[in-house]
Amino acid sequence: MPELPDVEAVISRIRERLIGRSITGVKVFDMRLATPALSSHIYGKRIRGISRRGKYIRLSVDGLTLVFHLRMTGDLVIKNPEEHTAKHTRLELLLSDGRELRFVDQRRLGVAKVVPDEDFSKIPGLVRMGPEPLSGDFTFESFKTRLGKRRSTIKSALMNQSFVAGIGNIYGDEILFQSGIRPTRKTNGLTDKEMRTLYRKMRYVLNTACAHNADLRGLRRWFVHGRTKGRCPKCGAGLDRLRIQGRYSYFCMHCQR
DNA sequence: ACAATATCCTGCGAGC
DNA sequence: TGCTCGCAGGATATTG
């Protein structure tokens, strides 16, 4: 599920049914999440807002912040009590309108914890979180400067949350494919033109995915990630695959330079 | 500074 | 059918 557009989609799917509701109960099914703060401190509090920073989700209740990170398999869903509870439900918040917010996470790598509002930006993954790629102050100039300071491969940089927030393995591949840049290229070896293309396509790919609520069924044919033995959507050549940072990168040797 | 590796988990499909 | 293996849209600590 969860890269920037997916996290956005989760938030917009549940936002309206959360804001203004109070938390009337907490059920912790995964004891690794059982902290006093989660079990009792948020009880009775009203939900004021839900937002995102990188792939982290911030649920604001009075004075406290519930932090979620979906990692590989996490999801947040709102259900009626009588609806079947998914096998991998780790946490359930009972809401004042009778519904339930459920944190489902098959692989249990996700995060759910409560911190005081002022500590949200201090949690380890957020201290060095890079700029939001879709925000207005993420300018080409700042992107270019940051690229020049690195020597890693461009794929590593895109997936590195302290370089830019919210991009993972899939969108990293799609951004590079649309940009015509190979994942193995060095950040500080890109031409000005390539950097501009990359900047533009990064925002284009993420914006497009967000506009479709990360439901990519209509766009899938333009994608390269995960197409083992697949063909390039542009030129038809066989796609290439190699490991970068322990993850598979998919790309077209012909269309990407 | 960066790359590679192991780790946290569970489930699925491929290949035998 | 049942087994093992590799792999999965992530982040982090450790080692080289």
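Bear in mind the structure is a predicted one, so any value in this text is a computation, not a measurement. Every chain is numbered from 1, with letters handed out A, B, ... down the list of sequences.
- Across all strands shown, nothing is found opposite B:dC9 as a Watson-Crick or G-U wobble partner with both distances under 3.5 Å.
- In a base pair of the Watson-Crick type (N1 to N3 plus N6-O4 or O6-N4) or a G-U wobble (N1-O2 and O6-N3), with each distance short of 3.5 Å, C:dG9 is matched with no nucleotide.
- Where A:Arg150 and A:Gly246 each meet DNA chain B at their nearest nucleotide, the meeting point lying more 5' is that of A:Arg150.
- Rounded to a whole Å, the CG atom of A:Leu147 is 17 Å from the P atom of B:dA1.
- Distances shown here put every side-chain N or O of A:Arg71 at or beyond 4.0 Å from the OP1 or OP2 atom of C:dA11.
- If you take CZ of A:Phe68 and P of C:dA11, they are 17 Å apart, rounded to a whole angstrom.
- Nearest nucleotide to the side chain of A:Lys55, out of C:dG9, C:dA11, B:dA3: C:dA11.
- Remark: A:Thr73 is not in phosphate contact with C:dG9, judged by side-chain N or O atoms under 4.0 Å from OP1 or OP2.
- The shortest distance between side-chain heavy atoms of A:Tyr56 and A:Val7 does not fall below 4.5 Å.
- The phosphate of B:dT10 (OP1 or OP2) has no side-chain N or O of A:His88 nearer than 4.0 angstrom.
- Using the six-membered ring where Trp is involved, A:Phe143 and A:Phe163 have ring planes that are tilted, between 30° and 60° apart.
- At a threshold of 4.0 angstrom between heavy atoms, the contacts of A:Lys87 are confined to the sugar-phosphate backbone, with no base atom among them.
- Spacing between atom NZ of A:Lys155 and atom C1' of B:dA4 amounts to 15 Å, rounded to whole angstrom units.
- Cation-pi geometry between A:Arg241 and A:Tyr248 is met: the NZ or CZ atom falls under 6.0 Å from the ring centre, inside 45° of the normal.
- With the nearest nucleotide of DNA chain C identified for both A:Met159 and A:Arg107, A:Arg107 has the one nearer the 5' end.
- With both ends at atom P, the span from B:dC9 to C:dC3 equals 24 Å, rounded to whole Å.
- With distances taken from any side-chain atom of A:Leu109 to the nucleotides C:dG9, B:dA3, B:dC9, the minimum falls on B:dC9.
- When the P atom of B:dA1 is taken as reference, atom CZ of A:Phe163 falls 15 Å away, rounded to whole Å.
- B:dC2 and C:dG9: their P atoms are spaced 24 Å apart (whole Å).
- At the heavy-atom level, A:Arg32 lies under 4.0 Å from the strands shown only through sugar-phosphate atoms.
- Rounded to whole Å, the distance from CZ on A:Arg52 to P on C:dG10 is 14 Å.
- In this structure, A:Leu70 places its CG atom 22 Å from P of B:dC8, rounding to the nearest Å.
- Distance A:Asn169 CG to C:dG10 C1': 10 Å, rounded to the nearest Å.
- Atom-to-atom, CE of A:Met31 to P of B:dC8 comes out at 21 Å; the value is rounded to the nearest Å.
- Cation-pi contact between A:Lys55 and A:Phe68: absent, since separation from the ring centre below 6.0 Å together with deviation from the ring axis within 45° is not met.
- Note on A:Gln245: every side-chain N or O is 4.0 Å or more away from OP1 and OP2 of B:dA4.
- Taking side-chain N and O atoms only, A:Arg243 has a distance below 4.0 Å to OP1 or OP2 of C:dC7.
- Ring geometry for A:Tyr199 versus A:Phe138: interplanar angle of 30 to 60°, hence tilted.
- Of the listed nucleotides (B:dT10, C:dA11, B:dC2), B:dC2 has the atom at the smallest distance from the side chain of A:Arg151.
- Results of the side chain to side chain donor-acceptor pair (under 3.5 Å) test with A:Lys155 over A:Asn169, A:Asn160, A:Thr184 single out A:Asn169 as the only residue that passes.
- For A:Tyr248, no side-chain nitrogen or oxygen approaches OP1 or OP2 of C:dA8 to under 4.0 Å.
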